[in-house]
Amino acid sequence: MSPHVDGRRTARRTAAAGIPLALVAALIAAEPAVGAPSGEAHVIRTATLGDIPLGAFSNGLLPGTVADDRGVDLGGIGSDIYPTGRKDEFWTVTDRGPNGQIKVSGTKRRTFPVPGFDPVIVKIRVCGDTVKVLDAIPVTTSLGKPVTGLPDQQGRDETPYDYNALTALSYNPNGLDTEGIVRASDGTFWLVDEYGPSLVHVSARGKVLTRYVPKGLNLTGAGYPVVEALPSVLLHRKINRGFEGLAQLPGGDLVLAVQSPLSLPDTDAGEASRTTRLLRFSPKKVTVTAEYAYRFDPVNVVDPGEDDTSELKISSVVAVGGDRLLVEERTDKAARLQLVRLDRSSNILGSSWDDDTTSPSLEQLDDPEASGVPVLAKNLVVDLGTVAGVPGKIEGVARVDHDTLALINDNDFGMTDGAGAFDADGRLVDSGVETTVSYVRLPHRL
């Protein structure tokens, strides 16, 4: 990190200036732990990441990548959380970076106010009520160049624009919208990405070793190997709703969660559907070995204040032993954790439901089980919307021990949508939402 921060910083940001990256500590006090109600899930600890100027952070890793951070602080590391194996330490990962939407002439445009930002794997430690950054690993091409978080393909991904939505930016075939993260026994990382959607194998120091994408994606020009190894039906992923959750089973297999139902056969079907998909990938065989239909609860069950089914998402999946998973169903304001078992009888890989000409599609079925689809059975573990002290937009869940979970939220780098996200000088009008790690004690063992 650069030892200097220019004088444009506001007072609340100057505390991070001049501090080496590995010593940056959060400075904001967290709320006190909640007492333990009998028989109920409850927050036992909360810690918050302090203000770290994004330009200084990014340029300290990859010099010269961020010319102007527009007053944005490091955030977005709540895309996922994975235990390092040491007490209170976790691996986290950012998404594609600060981004928002501004409507221009009646059409929403996707903005990237810091287009040089590069997705980062961030190692953190929870120390009391603060979150400390211990290490940061930028995700790079085979030659060590930043992949960036910019969209990959014109016509398939949203057109990227500058902060005010007036200047179009270039697409980048290397770009990754990273989400889930796990660490393999050999020290390498696996990430999932929303653009492809992709499964990305990354070296211990962040270089992309291989990006696995759906058959037929035809992604060209990337600075790392791209292998079409995933089912072609995934080409119908909803824009900005590709893979979001990633889990590593005890034997090393990976489980990838599609965030939302596929737009199959069209957008309307995907928006109305409550059925999404999980995939099982074998790193040893380098192939998908199983696929499962996952059925969301009605949106007003997950979030009593919401009536739009398209707001349902899977953001995290967590291995809890054997073939069992915790699956997080959420909206931006509420979340519920369900327990499922990946049994062989539920495998739909290679069936007619993987054929995008099947009509009606899996996504169009009002009652998939009645149509012979083996939907995964699930049991509710905890409704996080009823647990006091849990922030909104939880995207990362980790198992700390037999009855404790660590949750991390995505604060979107303090950004909001709309033209008011930046002031007249092009500086961020911060939302005030911070990155928070919360420990939740469950009433029963997992």
Side-chain angles (χ1 to χ4, degrees), residues 37 39-43 78 101 108 179 194 236-245 257-278 292-318 325-340 360-371 373-397 405 407-412 416-417 431 433 436 438 440 442-444:
E40 296 181 4
H42 56 281
V43 173
Q101 286 186 318
K108 289 182 179 179
E179 295 293 343
E194 295 210 62
H236 295 275
R237 66 96 176 95
K238 180 180 177 180
I239 290 178
N240 197 34
R241 298 282 186 90
F243 291 139
E244 175 117 346
V258 183
Q259 184 180 20
S260 296
L262 301 179
S263 296
L264 191 62
D266 52 33
T267 299
D268 289 344
E271 295 286 271
S273 180
R274 289 198 287 120
T275 306
T276 190
R277 306 175 188 231
L278 306 180
Y292 310 93
Y294 183 90
R295 185 80 169 160
F296 288 105
D297 284 342
V299 66
N300 62 351
V301 173
V302 177
D303 182 351
E306 183 59 68
D307 61 5
D308 184 354
T309 296
S310 70
E311 290 298 312
L312 289 169
K313 310 161 189 174
I314 291 178
S315 274
S316 185
V317 287
V318 183
L325 288 178
L326 281 182
V327 179
E328 182 202 7
E329 298 182 23
R330 75 164 180 90
T331 66
D332 281 354
K333 297 180 180 178
R336 286 154 58 97
L337 298 180
Q338 304 278 359
L339 185 65
V340 302
S361 69
L362 173 62
E363 288 69 23
Q364 289 178 303
L365 300 177
D366 290 332
D367 187 346
E369 289 186 285
S371 298
V373 180
V375 176
L376 289 174
K378 62 185 186 181
N379 292 293
L380 181 65
V381 172
V382 60
D383 183 344
L384 295 174
T386 66
V387 180
V390 173
K393 206 174 183 185
I394 293 295
E395 290 200 5
V397 180
L405 302 174
L407 315 176
I408 191 168
N409 67 314
D410 179 7
N411 80 326
D412 292 321
T416 56
D417 285 334
S431 68
V433 177
T436 303
S438 304
V440 172
L442 302 174
H444 305 291

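On a predicted model such as this, the values are computed, not experimentally measured, just so you know. We use all heavy atoms of the structure for the numbers below, so side chains are in, but hydrogens, waters and symmetry mates are not.
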Between [X] and [Y], is any pair of side-chain heavy atoms under 4.5 Å apart?
X: Tyr294; Y: Thr275; value: no
X: Leu339; Y: Leu326; value: yes
X: Glu311; Y: Val302; value: no
X: Glu194; Y: Arg237; value: no

As an exercise, state the distance from [atom1] of [X] to [atom2] of [Y], rounded to the nearest 0.5 Å.
X: Ser315; Y: Ile408; atom1: OG; atom2: CD1; value: 12.5 Å
X: Lys393; Y: Arg330; atom1: NZ; atom2: CZ; value: 6.0 Å
X: Leu312; Y: Gln259; atom1: CG; atom2: CD; value: 10.5 Å
X: Glu271; Y: Ser260; atom1: CD; atom2: OG; value: 8.0 Å
X: Asp308; Y: Asn300; atom1: CG; atom2: CG; value: 11.5 Å
X: Ser361; Y: Leu262; atom1: OG; atom2: CG; value: 8.5 Å

Steps toward side chain to side chain contact (heavy atoms under 4.5 Å, CB included) verdict (Leu405, Leu337): CA-CA 11 Å; Leu405 302 174; Leu337 298 180; 3.4 Å; yes
[X] and [Y]: which non-hydrogen atoms are nearest, and at how many Å?
X: Glu40; Y: His42; result: O-ND1, 2.9 Å
X: Pro443; Y: Ala41; result: CD-N, 3.7 Å
X: Arg241; Y: Ser310; result: NH1-O, 3.1 Å
X: Pro304; Y: Val301; result: CD-O, 4.4 Å
X: Pro360; Y: Leu365; result: CG-CD2, 3.7 Å
X: Pro261; Y: Gly270; result: CB-O, 3.8 Å

Check against side chain to side chain contact (heavy atoms under 4.5 Å, CB included), Glu179 and Glu395: CA-CA 9 Å; Glu179 295 293 343; Glu395 290 200 5; 3.4 Å; yes
Test log, rule side chain to side chain contact (heavy atoms under 4.5 Å, CB included), inputs Lys238 and Val258: CA-CA 10 Å; Lys238 180 180 177 180; Val258 183; over 6 Å; no
Using atom types as modelled, flag every donor-acceptor pair under 3.5 Å from a side chain in residues 376-384 to any protein atom, sequence neighbours excluded.
{"unit_1": "Lys378", "atom_1": "NZ", "unit_2": "Arg295", "atom_2": "O", "d": "2.6"}
{"unit_1": "Lys378", "atom_1": "NZ", "unit_2": "Asp297", "atom_2": "OD1", "d": "3.2"}
{"unit_1": "Lys378", "atom_1": "NZ", "unit_2": "Glu329", "atom_2": "OE2", "d": "2.5"}
{"unit_1": "Asp383", "atom_1": "OD1", "unit_2": "Gly385", "atom_2": "N", "d": "2.9"}

Test side chain to side chain contact (heavy atoms under 4.5 Å, CB included) applied to Thr331 and Val299, step by step: CA-CA 8 Å; Thr331 66; Val299 66; 4.2 Å; yes
Partner of Leu362 by side chain to side chain contact (heavy atoms under 4.5 Å, CB included), out of Thr276, Val375, Val373: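 Among Thr276, Val375, Val373, the one that satisfies the side chain to side chain contact (heavy atoms under 4.5 Å, CB included) with Leu362 is Val373.
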Any donor-acceptor pair under 3.5 Å from Arg274 side chain to Phe296 backbone: yes
